Structures are given as C-alpha cells and as structure tokens.
Undergrad: 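Structure incoming, see below.
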Amino acid sequence: QVQLVEFGGGLVQPGGSLRLSCAASGGTFSSYVMGWFRQAPGKEREFVAAITGSGGRTEYSDSVKGRFTISRDNAKNSVYLQMNSLKPEDTAVYYCAARRGGNIYYTPRLYNDWGQGTQVTVSS
C-alpha cells in the first residue's frame, strides 16, 4: 500500500497552466503505475493520464491529449501533471492514484491507492 498526497490545485483563467504534484510514501514507488483522474460535480470519476513505473510509457484521455503531460521522478517518489491551455471543462477535483504492476488501466476501480484530491477551477 502507498500513501498519496496531491499538491498544486487552484483557480486559473482559461488558457492558463497549472502543475499538479503527487507525493508518495510507504511503497516501492517505481513498481507502481501512477495515474491522474478527475471528477467534476455530478459526474463520474474519469481517467486523465497514467505513466508506467519506469516512465517509459504514458497514456492520455482524448480530452487532454496534447495539452497535459504526465511525468514522474522516482528519486523523489513523485508524479506530476503539467496542464496547459486549460479550459473551463477541465474544472474538477483531480486525484492521484497508484496501481502495483506494469499495465496502464483506464478504470478507476482498478487502482488500489488514492490521494485526497485537489481542486482545479478554470474560470475567468
């Protein structure tokens, strides 16, 4: 089991950028696939991006591809989500999640460990 804490949410204008961070503790970080998910009010939690333990493979949802970048630093037990060209529809609570193993999954229930979430609001 790994404990996750997210940082970096906030209010940003459309077209702006934010960088989310997620710090992990309690496990062998490089053995986990790390994912970012988000949940808007009244909607289900949805996949945003994920990265394998080595960082060699990444996956993105179609809605963020080309605008968001996921990365990780295994020496710092951290994963990041750089969000550019933000849109009002990106407004949501963003969650960091971990799954032990080598495969990337898009389904939230397949991730075992979750952070508490950080609010991202895109509004003028």
Side-chain angles (χ1 to χ4, degrees):
Q1 188 175 6
V2 62
Q3 291 75 49
L4 304 171
V5 179
E6 299 98 336
F7 305 92
L11 173 65
V12 62
Q13 292 187 343
S17 298
L18 276 178
R19 188 191 194 213
L20 304 183
S21 301
C22 174
S25 61
T28 304
F29 185 66
S30 60
S31 67
Y32 289 85
V33 167
M34 299 300 298
W36 285 98
F37 291 79
R38 66 187 182 186
Q39 188 165 17
K43 295 188 176 181
E44 294 186 352
R45 193 167 299 190
E46 65 174 1
F47 173 82
V48 175
I51 187 168
T52 53
S54 66
R57 180 186 166 204
T58 58
E59 295 284 345
Y60 298 91
S61 68
D62 288 343
S63 61
V64 308
K65 199 173 294 183
R67 300 187 298 122
F68 291 11
T69 303
I70 189 171
S71 62
R72 67 190 295 159
D73 185 338
N74 287 346
K76 295 183 178 179
N77 287 357
S78 294
V79 62
Y80 310 98
L81 186 68
Q82 177 66 43
M83 305 185 295
N84 298 329
S85 302
L86 282 160
K87 305 174 181 180
E89 51 263 45
D90 294 318
T91 296
V93 177
Y94 282 70
Y95 297 91
C96 174
R99 176 184 167 86
R100 193 173 181 86
N103 294 321
I104 289 176
Y105 294 94
Y106 305 134
T107 305
R109 65 178 174 82
L110 295 179
Y111 287 74
N112 308 104
D113 302 301
W114 291 83
Q116 81 289 351
T118 185
Q119 177 71 46
V120 172
T121 302
V122 185
S123 175
S124 55

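Just so we're clear, the structure is a prediction, and the values are computed from it rather than from any experiment.
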Undergrad: Of all residues at least two apart in sequence or in a different chain, which pass the side-chain hydrogen bond (donor to acceptor under 3.5 Å, both in side chains) check with S63?
TA: R38, S61
Undergrad: Looking at every non-hydrogen atom in both residues, tell me the closest pair between V33 and A50 and how far apart they are.
TA: CG1-CB, 4.4 Å
Undergrad: With no hydrogens and no angle check, is any side-chain donor or acceptor of R99 less than 3.5 Å from a backbone partner on I104?
TA: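 Pair absent, no side-chain N/O of R99 close to backbone of I104.
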Undergrad: Less than 4.5 Å apart, side chain to side chain, heavy atoms only: is that true for V120 and D90?
TA: no
Undergrad: Between T118 and F7, is any pair of side-chain heavy atoms under 4.5 Å apart?
TA: no
Undergrad: Would you name the heavy atoms of A24 and V2 that are closest together and state the gap between them?
TA: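 Closest heavy-atom pair between A24 and V2: CB-CG2, 3.7 Å.
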Undergrad: At their closest point, which heavy atom of L81 faces which heavy atom of A49, and how far apart are they?
TA: CD1-CB, 4.2 Å
Undergrad: Stepwise, does the side chain to side chain contact (heavy atoms under 4.5 Å, CB included) test hold for D113 with Q3?
TA: CA-CA 7 Å; D113 302 301; Q3 291 75 49; over 6 Å; no
Undergrad: With side chains defined as the heavy atoms from C-beta onward, is the minimum distance between L4 and Q116 less than 4.5 Å?
TA: no
Undergrad: S54 side chain to G56 main-chain N or O, any donor-acceptor pair under 3.5 Å?
TA: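 Checked: pair present.
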Undergrad: Sort and list the pairs that fulfil ring-ring contact (aromatic ring centres under 6.0 Å, His included) and have at least one residue in residues 48-107, not counting sequence neighbours.
TA: F47-Y106
Undergrad: Going by salt bridge (Lys or Arg N to Asp or Glu O under 4.0 Å), name the residues that satisfy it together with R100, two or more places apart in sequence or in a different chain.
TA: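 For R100, no residue satisfies salt bridge (Lys or Arg N to Asp or Glu O under 4.0 Å) once neighbours in sequence are set aside.
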Undergrad: Determine the minimum heavy-atom distance between F29 and N77, stating which atoms define it.
TA: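 Distance-wise, the nearest heavy atoms are CB-OD1, 3.4 Å.
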Undergrad: Tell me, please, which residues at least two apart from S123 pass side chain to side chain contact (heavy atoms under 4.5 Å, CB included).
TA: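 Applying side chain to side chain contact (heavy atoms under 4.5 Å, CB included) to S123 gives L11, T121.
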Undergrad: Where do V64 and V48 come nearest, in terms of heavy atoms and distance?
TA: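 Looks like CG2-O, 3.5 Å.
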Undergrad: Tell me every residue that passes side chain to side chain contact (heavy atoms under 4.5 Å, CB included) with A97, counting only those two or more places apart in sequence or in another chain.
TA: F37, Y111, W114
Undergrad: Show every disulfide (SG to SG under 2.5 Å) that has at least one partner inside residues 51-124, sequence neighbours left out.
TA: C22-C96
Undergrad: With R45, which residues qualify under side-chain hydrogen bond (donor to acceptor under 3.5 Å, both in side chains), at least two apart?
TA: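 Partners of R45 under the side-chain hydrogen bond (donor to acceptor under 3.5 Å, both in side chains) test: Q39.
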Undergrad: Just jot down the side chain to side chain contact (heavy atoms under 4.5 Å, CB included) partners of E89, sequence neighbours excluded, or say none.
TA: K87
Undergrad: Could you work out, with side chain to side chain contact (heavy atoms under 4.5 Å, CB included) as the rule, every residue matching S124, not counting sequence neighbours?
TA: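 Partners of S124 by the side chain to side chain contact (heavy atoms under 4.5 Å, CB included) criterion, ordered by chain and then number, come out as P14.
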Undergrad: Could you pull out the closest heavy-atom pair between T52 and R72, with the gap in Å?
TA: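 In terms of heavy atoms, the two residues are closest at O-NH1, 2.9 Å.
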Undergrad: Would V93 and L20 show up in the same hydrophobic cluster when neighbours are defined by side-chain heavy atoms closer than 4.5 Å?
TA: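 Each belongs to a different hydrophobic cluster.
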Undergrad: Apply salt bridge (Lys or Arg N to Asp or Glu O under 4.0 Å) to E6 and list each qualifying residue two or more places apart in sequence or on a separate chain.
TA: none
Undergrad: With sequence neighbours excluded, what pairs up with K43 under the salt bridge (Lys or Arg N to Asp or Glu O under 4.0 Å) test?
TA: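 Counting only residues at least two positions away or on another chain, K43 forms no salt bridge (Lys or Arg N to Asp or Glu O under 4.0 Å).
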Undergrad: Output every pair passing side chain to side chain donor-acceptor pair (under 3.5 Å) with a member in residues 9-20, not counting sequence neighbours, ordered by first then second residue.
TA: S17-N84
